[in-house]
Amino acid sequence: MTLEQQITSLAKAAVKALYDVDAADNQIQLQKTRPEFEGNITLVVFPFVKLARKAPAQVAAEIGKELVKSDIVAKYNAVQGFLNLVIDDAFWIKQLEAIDADANYGQQPDRHQLMMVEYSSPNTNKPLHLGHVRNNLLGYSIARIQEANGWKVVKTNIVNDRGIHICKSMLAWLKFGNGETPESSGKKGDHLIGDYYVRFDKEYKAQIAELMAKGMDEETAKREAPLMLEAQDMLRKWEANDPEVRALWAKMNSWVYAGFDETYKRMGVSFDKIYYESNTYLEGKSEVEKGLASGAFYRREDGSVWADLTKDGLDEKLLLRSDGTSVYMTQDIGTAKLRFQDYPIDKMVYVVGNEQEYHFKVLSILLDRLGFPFGKELVHFSYGMVELPNGKMKSREGTVVDADDLMDKMVEDAKEIYLQKNDQSSMSNNQCDEVARMVGLGALKYFILKVDPRKNMLFNPAESIDFNGNTGPFIQYTFARIQSVLRKAEADSVSRYPDIPVSRDLDPKELALIQRLCDYPSTVRAAGDEFSPAILCNYAYALACDFNSFYHDLSILNEPDAQKKALRLLLAANVAKVLKNAMGLLGIEMPERM
RNA sequence: GGUUCAGUAGCUCAGUUGGAUAGAGCAACAGCCUUCUAAGCUGUGGGUCUCGGGUUCGAAUCCCGACUGAAUCACCA
């Protein structure tokens, strides 16, 4: 039973005894005692002031007098309406022992339910940029966090591998590529394709300008530029299964996948099941046809198919174009159907930017209308955009921060710092590179995950991401320090388990650490409930801060008292365990030394 | 224009269901390495929590109204 639960029931009993009322759970308000007062946990007594008909401070004192009768409350003091409770050291030591005994501390019981988490979902016409990085890191971390909350999680990716944007890259490559391949150019496949996507846009704009110079208006020029017509022609051929177009498409996509795989691997994200739009859009079409037959949707005179959502307070939504081709929504319906055929999904989560909130609102209603039981409950985990100092990132305008470049830069910076801080004669190249990789990526991941996912965040490329302060490397460093101590303890055969039962006055720094460790399970739950890795970041940072302060003030291995030494070692080991676990849920690796 | 979200220190961000004198980091300044890793620790300065009302013992937090910014409302994805 947690401290909060114990105090809650004690407080209820006290209120009953003193004022003869049964307090509701939400009337028992507990918070951590502020550092300027003595105590570990504080009961806010304002809720009882009225029914006691006494001054707040007096009520607090009366309840305190009751509570101190129990074993776990050693002392109390009342400040206005705040009753500060000092918890007995024996309680904390027992808690630490329980934490130590639990190898999976923080893991919540199995819920026997399956959650599918969709994230990443790239287009295959350009490489990943910082916006995708946020998506991938959030998606992966949320999956890990929900696993820790007892869900069985299936991570999935829907690859948008077809459509006009893909044809643009293909066409530009055919026209201007001279048969360039990743092998011949030494470029990563996704970057190669991205270059041709940009090339298409450049040539297309030139054609538009040319047509406009001849007197054509902009709208018409955009529509009639030869490159655009050719791209559309290519899309029709693709849909008609033209062998040449399909072969080219398959070849170029395979280059992109090879590039993506490399980026994903480096980022440390993975998927259990990958869906491709080229395989799901037909399924979507047939679902829409079914909906049309059942009267859920209607067809207009021009042949296009629509859903009327005005009763739901929304607009009308197009589902099939007049030429019969599908749109984004159609594809998402098909993908949803296939997924629920493949897995017994209890909860479906889409990690997609907040710019698509409307889309998912509509999707939820449509799925529900088509008779899918999961429609109403789908979760759109809507996260904010990454902005640059001068606004949004735009692929075609070249104002993107490339994912591969950014990771390179972070690892380079980490390596430089590592070489600067360590004795170069005592390390191997491999060790240096491995630490630099973990630390560079740790800095990047923490930087992104520590901000509330719902909010837009700003990234300034001119200012490099920090390695000091509230950062991933700070937490990694704390961990590495502990590992160093544990290695030394092992070498000296120092036990972290004292021979005699520990019962002594805890140092405030020790106590603060234990109390922080006790908070971990509820933090994991909160992160899961709120879909927020940021909550875990804040926790890991606070724990690392507490430890560094403890480490600075108190000696572990040089402590002469064997009992104290053992307890501090036990404490350090468990801080390391929880730090590693928490960071693991964020997808951040922890180096043994740095 | 409708809808949704956001506005906290110079900058980037925390702030659990309303609780005590609103917190970190960066940047600036001043200290601490013969002692378990100084990517650390300690201290100083820095605030009209966008603004105005309201609710109450008590509001950065809840309600209403402004202002500012973002997203969205496509036969784009």
Subject >> Evaluation steps, side chain to side chain donor-acceptor pair (under 3.5 Å), between A:Thr124 and A:Asp161 >> reply: CA-CA 5 Å; A:Thr124 59; A:Asp161 62 344; over 6 Å; no

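- Looking at RNA chain B, the stems built from 3 or more consecutive Watson-Crick or G-U wobble pairs, each pair with its key distances under 3.5 Å, are B:1-7 with B:67-73, B:10-13 with B:23-26, B:28-32 with B:40-44, B:50-54 with B:62-66.
- In terms of the salt bridge (charged side-chain N to carboxylate O under 4.0 Å, His left out) criterion, residue partners of A:Lys205 (sequence neighbours excluded) are, by chain and number, A:Asp201.
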Subject >> Base-contact (B) and sugar-phosphate-only (S) positions in nucleotides 30-43 of chain B, heavy-atom cut-off under 4.0 Å, - elsewhere >> reply: -----SBBSBSS--

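- Look at NZ on A:Lys392: it is 14 Å from C1' on B:C5, rounded to the nearest Å.
- Rounded to whole Å, atom C1' of B:U72 lies 10 Å from atom NZ of A:Lys317.
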Less than 3.5 Å apart, which donor and acceptor atoms pair up between the side chains of residues 521-529 of chain A and the rest of the protein, not counting sequence neighbours?
{"residue": "A:Ser522", "atom": "OG", "partner": "A:Asp519", "partner atom": "O", "Å": "3.0"}
{"residue": "A:Thr523", "atom": "OG1", "partner": "A:Asp519", "partner atom": "O", "Å": "2.8"}
{"residue": "A:Arg525", "atom": "NH1", "partner": "A:Gln108", "partner atom": "OE1", "Å": "2.9"}

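- With sequence neighbours excluded, no residue forms a ring pair (Phe, Tyr, Trp, His ring centres under 6.0 Å) with A:Phe467.
- Here A:His129 pairs with A:His132 under the ring pair (Phe, Tyr, Trp, His ring centres under 6.0 Å) rule; sequence neighbours left out.
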Subject >> B/S/- contact track for nucleotides 57-62 of chain B, protein heavy atom under 4.0 Å >> reply: B-----

Original post:
Under the side chain to side chain donor-acceptor pair (under 3.5 Å) criterion, do A:Ser304 and A:Ser322 qualify, and how do the steps go?
Top reply: CA-CA 4 Å; A:Ser304 55; A:Ser322 50; 5.8 Å; no

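- In this structure, A:Tyr197 has its ring center no closer than 6.0 Å to that of A:His165.
- We find that the ring of A:Tyr541 and the base of B:A24 do not stack by the test of centres under 5.5 angstrom and planes tilted less than 30°.
- When A:Tyr350, A:Phe531, A:Phe360 are each tested for a ring pair (Phe, Tyr, Trp, His ring centres under 6.0 Å) with A:Phe381, only one passes: A:Phe531.
- A heavy-atom distance below 4.0 Å to RNA chain B is reached by these residues of residues 118-138 of chain A, ordered by number: A:Asn123.
- Shown here is A:Glu289, whose CD atom has more than 12 heavy atoms of other residues, nucleotides or ligands within 6.0 Å.
- For A:Tyr328 and A:Gln356, the side-chain atoms include at least one donor-acceptor pair closer than 3.5 Å.
- There is a side-chain donor-acceptor pair under 3.5 Å between A:Tyr298 and A:Glu316.
- Note on A:Thr42: a base of the nucleic acid sits closer than 4.0 angstrom, heavy atoms only.
- Atom CD of A:Gln356 is separated from atom P of B:U3 by 22 Å (rounded to the nearest Å).
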Please tabulate, one pair per line, all N/O donor-acceptor pairs under 3.5 Å involving side-chain atoms of residues 42-55 of chain A, not counting sequence neighbours.
{"residue": "A:Thr42", "atom": "OG1", "partner": "A:Thr33", "partner atom": "OG1", "Å": "2.7"}
{"residue": "A:Thr42", "atom": "OG1", "partner": "A:Asn84", "partner atom": "OD1", "Å": "2.7"}
{"residue": "A:Lys54", "atom": "NZ", "partner": "A:Glu62", "partner atom": "OE1", "Å": "3.4"}
{"residue": "A:Lys54", "atom": "NZ", "partner": "A:Glu62", "partner atom": "OE2", "Å": "2.9"}

For residues 384-392 of chain A, run the donor-acceptor check on the side chains, cut-off 3.5 Å, and write out each pair with its distance to 0.1 Å, sequence neighbours left out.
{"residue": "A:Glu387", "atom": "OE2", "partner": "A:Asn456", "partner atom": "ND2", "Å": "3.3"}
{"residue": "A:Lys392", "atom": "NZ", "partner": "A:Glu355", "partner atom": "OE1", "Å": "3.3"}

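- If you check every strand for non-hydrogen atoms under 4.0 Å, A:Gln80 touches nothing.
- B:C13 has its base anti relative to the sugar, with a glycosidic angle deviating from 0 by more than 90°.
- Atom C1' of nucleotide B:A74 and atom CG of A:Leu319 are separated by 13 Å, given to the nearest angstrom.
- Under 3.5 Å, the side chains of A:His359 and A:Asp332 contain a donor-acceptor pair of N or O atoms.
- Nucleic acid contact for A:Asn84: base, since at least one base atom lies under 4.0 Å from a heavy atom of the residue.
- Side-chain atoms of A:Glu490 and A:Ser493 form no donor-acceptor pair, as typed in the model, at a separation below 3.5 Å.
- The P atoms of B:A74 and B:U56 are separated by 44 Å, rounded to the nearest whole Å.
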I'd like a table of atom pairs between the protein and nucleotides 10-16 of chain B - only N or O on both sides, under 3.5 Å - with the distance next to each one.
{"residue": "B:C13", "atom": "OP1", "partner": "A:Leu458", "partner atom": "N", "Å": "2.8"}
{"residue": "B:A14", "atom": "OP1", "partner": "A:Asp452", "partner atom": "N", "Å": "2.5"}
{"residue": "B:A14", "atom": "OP2", "partner": "A:Lys455", "partner atom": "NZ", "Å": "3.1"}
{"residue": "B:A14", "atom": "O2'", "partner": "A:Asn538", "partner atom": "ND2", "Å": "3.1"}

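- In this entry the distance linking CD of A:Glu355 with P of B:A74 reads 15 Å, nearest Å.
- Pairs engaging residues 535-549 of chain A under the side-chain hydrogen bond (donor to acceptor under 3.5 Å, both in side chains) rule: A:Thr478-A:Asn548, A:Arg481-A:Asn548, A:Lys509-A:Ser549, A:Arg516-A:Asp546 [sequence neighbours left out].
- Heavy-atom neighbours of A:Lys12 NZ from other residues, nucleotides or ligands within 6.0 Å: above the threshold of 12.
- Take the nearest nucleotide of RNA chain B for A:Glu387 and for A:Asn26: the residue whose nucleotide is more 5' is A:Asn26.
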